[in-house]
Undergrad: 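Just dropping this structure here.
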Amino acid sequence: MPMPWTYRHGEKEWRRFLGDIREVMGTPSDNVAFTTAEGAFRAFRARLTVEEVARFAQVLPAMPRALFIEGWHPTAPLPW
């Protein structure tokens with residue numbers, strides 16, 4: 001089986017992902033785009049069930065998927 005496109009071209013997809021966020025926000029900074037994506041992913045993920053998180057992660061490209069599940073502790077209580 002050949003290597004999936006999302007793994008072979010992970011950096012290209014990641015740059016495109018950050019570029020889309022930068023364009024929508026009107027910022028030239030990758031750092032701002034990264035922090036925005038991280039915050040949005042964490043807020044969204046906190047409102048999903050474990051099964052929903054797993055299903056949503058499967059449709060993301062490799063690098064955004066890694067950011068989406070980074071630091072996730074599915075058994076931890078919600079902070080609110």
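All heavy atoms count here, side chains included; hydrogens, waters and symmetry mates do not.
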Undergrad: How long is the span from the CD1 atom in Ile21 to the CZ atom in Arg16, to the nearest 0.5 Å?
TA: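 Answer for the CD1-CZ pair, Ile21 versus Arg16, is 13.5 Å.
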
Undergrad: In Å and rounded to the nearest 0.5 Å, what is the NZ to CE distance from Lys12 to Met63?
TA: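 Lys12 atom NZ to Met63 atom CE measures 14.5 Å (nearest 0.5 Å).
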
Undergrad: Counting N and O atoms only, with roles assigned by atom type, does the side chain of Thr27 sit under 3.5 Å from a partner on the main chain of Arg22, one being a donor and the other an acceptor?
TA: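 Not a single qualifying donor-acceptor pair exists.
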
Undergrad: So Trp14 and Phe17, would you call those rings parallel, tilted or perpendicular, with 30° and 60° as cut-offs?
TA: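 Aromatic pair Trp14/Phe17 classed parallel.
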
Undergrad: Under 3.5 Å, side chain of Arg8 to main-chain N/O of Pro4, donor-acceptor pair present?
TA: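 No; zero donor-acceptor contacts below 3.5 Å.
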
Undergrad: Looking only at heavy atoms, what is the nearest atom pair of Ser29 and Val32, with distance?
TA: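 The answer is OG-N, 3.1 Å.
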
Undergrad: What's the separation between atom CZ in Arg55 and atom CG in Leu48, rounded to the nearest 0.5 Å?
TA: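 It is 9.5 Å, given to the nearest 0.5 Å.
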
Undergrad: Taking side chain as C-beta onward, heavy atoms only, is Glu70 less than 4.5 Å from Phe41?
TA: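 No, too far: nothing below the 4.5 Å cut-off.
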
Undergrad: When rounded to the nearest 0.5 angstrom, what distance separates CD in Glu52 from CZ in Arg45?
TA: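 CZ of Arg45 is found 14.0 Å from CD of Glu52.
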
Undergrad: Quick check for you: to the nearest 0.5 Å, what is the distance between Glu38 atom CD and Leu67 atom CG?
TA: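 Rounded to the nearest 0.5 Å, the CD-CG separation comes to 6.0 Å.
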
Undergrad: Looking at every non-hydrogen atom in both residues, tell me the closest pair between Pro74 and Val50 and how far apart they are.
TA: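 Reported closest heavy-atom pair: CB-CG2, 3.7 Å.
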
Undergrad: Look up atom CZ in Phe44 and atom CZ in Phe68, then write down how far apart they are to the nearest 0.5 Å.
TA: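 Here the rounded value is 6.0 Å.
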
Undergrad: Decide whether Val59 and Val53 are clustered together by the hydrophobic rule: side chain heavy atoms of Ile, Leu, Val, Met, Phe, Trp, Tyr closer than 4.5 Å, transitively.
TA: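 In one cluster: yes.
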
Undergrad: Quick one: does Asp30's side chain get under 4.5 Å of Arg15's, heavy atoms only?
TA: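 Yes; the side chains approach each other to less than 4.5 Å.
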
